[in-house]
Amino acid sequence: MQAVSSINSLRAPPSFVTGASSRRRTVAVTVRASNVIRSDAQSSGSTTSKRQLLSLGAAALALPLLPTAAAQAADPEVTNKVFLDIDGGSPEASGRIVLGLYGNVVPRTVKNFVTLANGTEGYGYKGCTFHRIIKDFVLQGGDFTAGNGTGGRSIYGRTFADENFDIPHAPGVLSMANAGPNTNGSQFFVTTVDTPWLNGRHVVFGRVLEGMDLVDRLQNVPVGRGGRPVKPVVIRDCGEL
């Protein structure tokens with residue numbers, strides 16, 4: 001099925017797209033109990049047919065929602081801290097975000113993120129962008145190979161398995177983007193609202209410790225088709241604190 005790039009009027013989030021361009025893969029993220037949107041950064045100008053929306057809505061209704069973050073236990077212990085220095089093309093869209101990572105719960109996922117932030121393997125997050133920003137949903141980045149949501153790679157190879165889904169999504173959490181089960185690479189997202197429909201589908205491995213005010217400003221930057229910022233939002237520097 002061809003991926004759909006349009007975002008509906010309900011501010012439905014796009015799918016998190018990962019994988020090499022030679023073998024493009026797309027994941028559908030459940031938006032609400034009656035709606036699923038598919039998106040591909042390489043698809044331009046395509047629209048969603050009524051038949052597609054109806055079929056996707058029926059699929060979404062079959063997926064049970066997990067408990068919201070408010071009903072879950074307290075945040076896990078922070079074992080590592082990583083900073084992202086952001087340049088969004090203006091003083092209001094620039095600054096530092098500090099992320100706390102849950103290495104005791106998801107050690108492989110945390111090691112992947114820390115290593116890519118430090119750039120010790122010769123590649124990583126420095127210089128890449130937040131290629132997709134959806135207000136009242138997420139900031140998505142980490143595609144340092146293609147820059148459009150179709151690339152990236154992990155330190156374990158192109159992808160690695162889901163570690164667990166023990167930590168629920170909530171506003172300000174750090175979670176892995178994927179192209180379906182067990183396809184984590186380097187792409188990640190930061191939530192700006194409560195997103196319980198992502199529980200059990202994306203691995204949460206940290207949260208924003210400092211800079212949530214910047215996250216809020218970034219979710220309001222002008223964006224074009226597919227949530228791509230009009231002015232690039234670049235990770236100018238990053239690393240472990």
Side-chain angles (χ1 to χ4, degrees), residues 5-7 11-18 29 37 39-44 80-101 112-119 123-153 169-177 185-195 198 202 204-241:
S5 61
S6 61
I7 306 299
R11 290 182 298 217
S15 305
F16 298 125
V17 182
T18 64
V29 176
I37 295 293
S39 174
D40 188 322
Q42 292 183 339
S43 298
S44 59
N80 307 77
K81 295 181 181 180
V82 164
F83 73 91
L84 305 179
D85 284 342
I86 308 298
D87 182 354
S90 70
E92 294 77 17
S94 301
R96 174 169 287 195
I97 299 171
V98 176
L99 302 164
L101 310 181
N112 181 66
F113 189 82
V114 170
T115 303
L116 293 175
N118 288 333
Y123 55 88
Y125 295 135
K126 186 175 181 179
C128 81
T129 65
F130 282 91
H131 62 273
R132 183 175 287 122
I133 294 178
I134 305 298
K135 181 176 172 60
D136 295 331
F137 185 48
V138 298
L139 316 180
Q140 183 183 348
D143 180 357
F144 51 80
T145 62
N148 61 7
T150 64
R153 59 171 295 187
H169 289 79
V173 304
L174 177 64
S175 187
M176 291 298 294
S186 59
Q187 291 189 50
F188 62 89
F189 60 94
V190 176
T191 59
T192 63
V193 296
D194 197 18
T195 54
L198 301 183
H202 297 270
V204 175
F205 63 100
R207 70 178 185 271
V208 176
L209 297 180
E210 301 172 24
M212 196 62 194
D213 56 336
L214 175 57
V215 170
D216 185 61
R217 294 196 299 274
L218 287 173
Q219 75 164 333
N220 288 286
V221 300
V223 298
R225 182 179 294 275
R228 191 171 188 87
V230 173
K231 293 182 178 180
V233 177
V234 183
I235 301 174
R236 289 299 183 191
D237 198 12
C238 54
E240 188 174 16
L241 294 172

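Computation of the quantities below employed the complete heavy-atom set of this structure, encompassing side-chain atoms and omitting hydrogens, waters and symmetry-equivalent molecules.
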Of Phe189, Phe144, Phe188, Tyr125, which meets ring pair (Phe, Tyr, Trp, His ring centres under 6.0 Å) against Phe130?
Phe188
Here the gap from Lys126 atom NZ to Asn118 atom CG, rounded to the nearest 0.5 Å, amounts to 11.0 Å
In Å and rounded to the nearest 0.5 Å, what is the NE2 to CG distance from His202 to Leu174?
13.0 Å
Ignoring hydrogens and angles, write down the donor-acceptor pairs under 3.5 Å from the side chains of residues 80-89, residues two or more places apart or on other chains.
from: Asn80; atom 1: ND2; to: Glu240; atom 2: OE2; distance (Å): 2.9
from: Asp85; atom 1: OD1; to: Arg96; atom 2: NE; distance (Å): 2.7
from: Asp85; atom 1: OD1; to: Arg96; atom 2: NH2; distance (Å): 3.4
from: Asp85; atom 1: OD2; to: Arg96; atom 2: NH2; distance (Å): 3.1
from: Asp87; atom 1: OD1; to: Gly89; atom 2: N; distance (Å): 3.0
from: Asp87; atom 1: OD2; to: Arg236; atom 2: NE; distance (Å): 3.3

Atom CG of Asp136 and atom CG of Asp194: how far apart are they, to the nearest 0.5 Å?
12.5 Å
Result block: side-chain N/O donor-acceptor pairs under 3.5 angstrom for residues 206-218, not counting sequence neighbours:
from: Arg207; atom 1: NH1; to: Tyr102; atom 2: OH; distance (Å): 3.0
from: Asp216; atom 1: OD1; to: Gln219; atom 2: NE2; distance (Å): 2.9
from: Arg217; atom 1: NE; to: Glu92; atom 2: O; distance (Å): 2.5

Thr192 OG1 to Phe137 CZ distance, which is reported to the nearest 0.5 Å:
8.5 Å
Is it the case that the side chain of Ser186 and the backbone of Gly142 share a donor-acceptor pair, with hydrogens and angles ignored and the cut-off at 3.5 Å?
yes
CZ/Arg132 to CZ/Arg228 distance, rounded to the nearest 0.5 angstrom?
9.0 Å
Can you list every pair that meets ring pair (Phe, Tyr, Trp, His ring centres under 6.0 Å) and has a residue in residues 205-241, with sequence neighbours left out?
Phe113-Phe205
Give the minimum heavy-atom separation between Cys238 and Ile235, together with the two atoms involved.
CB-CG2, 3.9 Å
Can you tell me if Asp143 uses its side chain to pair, donor with acceptor, with the backbone of Gly152 under 3.5 Å?
yes
How far does NE2 of His169 sit from CG of Leu198, to the nearest 0.5 angstrom?
4.5 Å
Under a 3.5 Å distance rule, please check whether Thr129 uses its side chain to pair with a backbone N or O of Val233 as donor and acceptor.
no
Heavy atoms only: give me the nearest Ala93-Val221 pair and the separation to one decimal.
CB-CG1, 4.1 Å
Is there a side-chain contact between Met176 and Gln187, using heavy atoms and a 4.5 Å cut-off?
no
